[in-house]
Amino acid sequence: MYITEIKAYDYIALKQTLLSLSKKYPLLNISYIGKSCAGRDIPAVKIGKSQEYALIAAAFHGTEYITETVLLRFIESLCKALQNDESIAGFNARKAMFGRGVIFVPCVNPDGCEIVLHGSSAAGFMAENVLRIAGGNLKKWNANLRGVDINHNFDADWEKLRKMECEAGITGPALTRFGGFRAESEPETLALTTLCRTKRIRHVAALHSQGQEIYWKYGDYEPARSRKMAEIMATTSGYMLSEPKGLAVGGGFKDWFIKEFNRPGFTVEMGKGENPLPIETAKEIYERLEEMLMLTVIM
């Protein structure tokens, strides 16, 4: 029996589920790496001990809460395999994780997910502002509480991206693709950058939806191991290796990590369709990506 369910996780359900997982699996360590604009905790889950860690983060965008569901199921599957000395994705978990560690951030943007799942009431004192920005279309809300797209707010050619946003008519807070008035202005962004600057992270994967694609380099930056790792991830998932274009270039977490540390970073666009993807497809997506996620942890 799994504690994690195939369902959309709001903030309360996420915290309750992580608490239940920590009680069932003592090997799992929960901490909080920061708070959202609305003061919601941003939890991180650490498994294993190592001098350096893999980092997998999800739910950067409000409409992409399915990535949180998939990641929570993987976290529990890995814990279960480790605790019971079982295999996961064909790997003996204890042998595969020997000397390795991983940090998971299941929900980078809790405010955005709450707005999509529960409407303007989730925005509190910012409710009227959020409704105005969204034009009433809260089901398409990708930004954080202040209308900033977290994955446009990292300091990777941010100025160039900001100019492109303005040329596209995105000059202020918006549903999506507004990168803020300066790089790393948002607490959610700062939570991840601080984590990467204080822990030794050997590579990162950012889980998004949709497109069944993997982005693996940034401009002319191609850190050692990146290509081989990307090819392995593509082979095991059946996803295509791609390069982002237009407003998807720069400002993102994997872009910043690659530029800042010259270490591998990946964006995985899971599933196919229109966001938000039907939550019932999370089971199929997870089953397809389980091996890739395990390899991302141990490579």
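- Leu289 and Tyr215 fall into different hydrophobic clusters, where Ile, Leu, Val, Met, Phe, Trp and Tyr side chains are chained together by heavy-atom contacts under 4.5 Å.
- Nearest approach of Val130 to Trp141, heavy atoms of both residues: O-CZ3, 3.6 Å.
- Atom CG of Leu117 is separated from atom OG1 of Thr63 by 10.5 Å, given to the nearest 0.5 angstrom.
- Side-chain contact between Leu19 and Ser22 is present, with heavy atoms from C-beta onward closer than 4.5 Å.
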request  = Could you please spell out the steps behind the salt bridge (charged side-chain N to carboxylate O under 4.0 Å, His left out) verdict for Glu280 and Lys7?
outcome  = CA-CA 7 Å; Glu280 59 270 16; Lys7 68 176 186 179; over 6 Å; no
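- Comment: Glu68 does not engage Arg73 in a salt bridge, judged by the lack of any side-chain N to carboxylate O separation of less than 4.0 angstrom.
- Scored by the ring pair (Phe, Tyr, Trp, His ring centres under 6.0 Å) test, His208 finds Phe60, His61 as partners (sequence neighbours excluded).
- The backbone N or O of Cys107 sits nowhere less than 3.5 Å from a side-chain atom of Tyr65 that would complete a donor-acceptor pair.
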Derivation and outcome, salt bridge (charged side-chain N to carboxylate O under 4.0 Å, His left out), residues Lys272 and Glu284 = CA-CA 11 Å; Lys272 196 122 183 163; Glu284 178 186 346; over 6 Å; no
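- Judged by distance alone, the side chain of Thr194 and the main-chain N or O of Ala191 form no donor-acceptor pair under 3.5 Å.
- Between Leu28 and Val45, the closest side-chain pair of non-hydrogen atoms falls below 4.5 Å.
- No side-chain donor-acceptor contact under 3.5 Å links Glu222 to the backbone of Arg227.
- Atom CD of Glu186 is separated from atom CG of Asp111 by 10.5 Å, given to the nearest 0.5 angstrom.
- Nearest heavy atom pair, residue Ile42 against residue Val108, reads CD1-O, 3.8 Å.
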message = Run Ser36 and Glu188 through side chain to side chain donor-acceptor pair (under 3.5 Å) and show every step you take.
response = CA-CA 6 Å; Ser36 70; Glu188 298 89 351; 4.6 Å; no
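- No salt bridge links Lys160 with Glu167; every basic N to acidic carboxylate O contact stays at or beyond 4.0 Å.
- Taking the six-membered ring where the residue is Trp, Phe74 and Tyr286 present tilted rings, their angle falling between 30° and 60°.
- Few gaps surround CD on Glu287; more than 12 heavy atoms of other groups in view lie less than 6.0 Å from it.
- At a threshold of 4.5 Å between side-chain heavy atoms, the hydrophobic network of Ile, Leu, Val, Met, Phe, Trp and Tyr places Val204 and Ile232 in two separate groups.
- A donor-acceptor distance shorter than 3.5 angstrom exists from the side chain of Glu76 to the backbone of Thr4, with no hydrogens or angles considered.
- For the pair Leu161/Asp157, no side-chain contact is recorded, criterion being any heavy-atom separation below 4.5 Å from C-beta on.
- When side chains are defined from C-beta on, Met299 counts as touching Met233, because their heavy atoms get closer than 4.5 Å.
- Note that CG of Leu131 and CE of Met126 are 11.5 Å apart. Values are rounded to the nearest 0.5 Å.
- Side chain of Arg162 to main chain of Thr171: a donor-acceptor pair is present (N/O by atom type, distance under 3.5 Å, no hydrogens or angles).
- Applying the 6.0 Å contact sphere to NZ of Lys228 captures no more than 12 heavy atoms from other residues, nucleotides or ligands.
- The shortest side-chain heavy-atom distance between Phe154 and Asp255 does not fall under the 4.5 Å cut-off.
- The same ILVMFWY cluster, assembled from side-chain heavy atoms under 4.5 Å apart, contains both Ile75 and Val297.
- One finds the CD1 atom of Ile279 at 14.0 Å from the NZ atom of Lys283 (value rounded to the nearest 0.5 Å).
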inquiry  = Pair Leu138, Ser120 - check side-chain contact (heavy atoms from CB on, under 4.5 Å), show working.
reply    = CA-CA 7 Å; Leu138 294 177; Ser120 61; 3.9 Å; yes
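- Under a 3.5 Å cut-off, the side chain of Lys139 and the backbone N or O of Val116 do form a donor-acceptor pair.
- Remark: Lys23 fails to qualify as a cation-pi partner of Tyr25 under the 6.0 Å distance and 45° angle criteria applied to the six-membered ring.
- Between Ala174 and Ala143, the closest heavy-atom pair is O-CB, 3.4 Å.
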task = Step by step, work out the side-chain contact (heavy atoms from CB on, under 4.5 Å) result for Val102 and Leu55.
result = CA-CA 6 Å; Val102 59; Leu55 171 61; over 6 Å; no
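- The side chain to side chain contact (heavy atoms under 4.5 Å, CB included) test with Pro173 singles out one residue from Leu145, Asp149, Asn129, Ile133, and that residue is Ile133.
- Of all non-hydrogen atoms in Ser242 and Trp216, the two that sit nearest each other are O-CD1, 4.2 Å.
- Inter-residue side-chain proximity for Glu114 and Arg40 is flagged as met; some heavy-atom pair is nearer than 4.5 Å.
- Note: Trp158 and Phe181 fail the aromatic proximity criterion, with ring centroids not under 6.0 Å apart.
- With Gln210 contributing its side chain and Gly273 its backbone, the two residues share a donor-acceptor pair below 3.5 Å.
- Annotation for Lys49: atom NZ does not count as buried by contact number, only 12 or fewer foreign heavy atoms lying within 6.0 Å.
- Looking only at side-chain heavy atoms (C-beta outward), Leu71 and Leu207 come within less than 4.5 Å of each other.
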task = With side-chain contact (heavy atoms from CB on, under 4.5 Å) as the test, would you mind laying out the steps for His152 and Arg177 before giving the verdict?
result = CA-CA 6 Å; His152 278 221; Arg177 294 188 168 184; 3.7 Å; yes
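- By the 4.5 Å heavy-atom criterion applied to side chains, Asn153 and Ser185 are counted as neighbours.
- Between Thr67 and Ala59, the closest heavy-atom pair is OG1-N, 2.9 Å.
- Hydrophobic clustering of Ile, Leu, Val, Met, Phe, Trp and Tyr side chains at less than 4.5 Å, counting indirect connections, keeps Tyr11 apart from Leu18.
- Asp41 and Lys35 are joined by a salt bridge, as a carboxylate oxygen and a charged side-chain nitrogen come within less than 4.0 angstrom of each other.
- Atom CD1 of Ile258 sits about 6.0 Å away from atom OG of Ser226, to the nearest 0.5 Å.
- Side-chain N or O atoms of Asn275 include one that pairs as donor or acceptor with a backbone N or O of Ser209 at under 3.5 Å.
- In this structure a side-chain-to-backbone donor-acceptor pair under 3.5 Å is present from Asn144 to Gly147.
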Cut-off 3.5 Å, no hydrogens considered: what does the side-chain donor-acceptor table look like for residues 86-99, sequence neighbours left out?
from: Glu86; atom 1: OE1; to: Lys80; atom 2: NZ; distance (Å): 3.2
from: Asn92; atom 1: OD1; to: Arg94; atom 2: N; distance (Å): 3.3
from: Asn92; atom 1: OD1; to: Lys95; atom 2: N; distance (Å): 3.0
from: Asn92; atom 1: ND2; to: Asp85; atom 2: OD1; distance (Å): 3.4
from: Arg94; atom 1: NE; to: Leu82; atom 2: O; distance (Å): 2.7
from: Arg94; atom 1: NH2; to: Leu82; atom 2: O; distance (Å): 3.2
from: Arg94; atom 1: NH2; to: Gln83; atom 2: O; distance (Å): 2.9

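- No path of Ile, Leu, Val, Met, Phe, Trp and Tyr side chains, each step under 4.5 Å between heavy atoms, connects Ile56 with Leu192, placing them in separate hydrophobic clusters.
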inquiry  = Show, in sequence, the C-alpha distance, side-chain angles and deciding distance for Met240 and Ile214, and conclude whether the side-chain contact (heavy atoms from CB on, under 4.5 Å) test is met.
reply    = CA-CA 6 Å; Met240 292 180 59; Ile214 299 171; over 6 Å; no
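- Aromatic ring orientation, Tyr218 versus Tyr221: parallel (interplanar angle below 30°, classes split at 30° and 60°).
- Of all the heavy atoms in Ala44 and Ile33, the pair that sits closest is CB-CG2, 3.7 Å.
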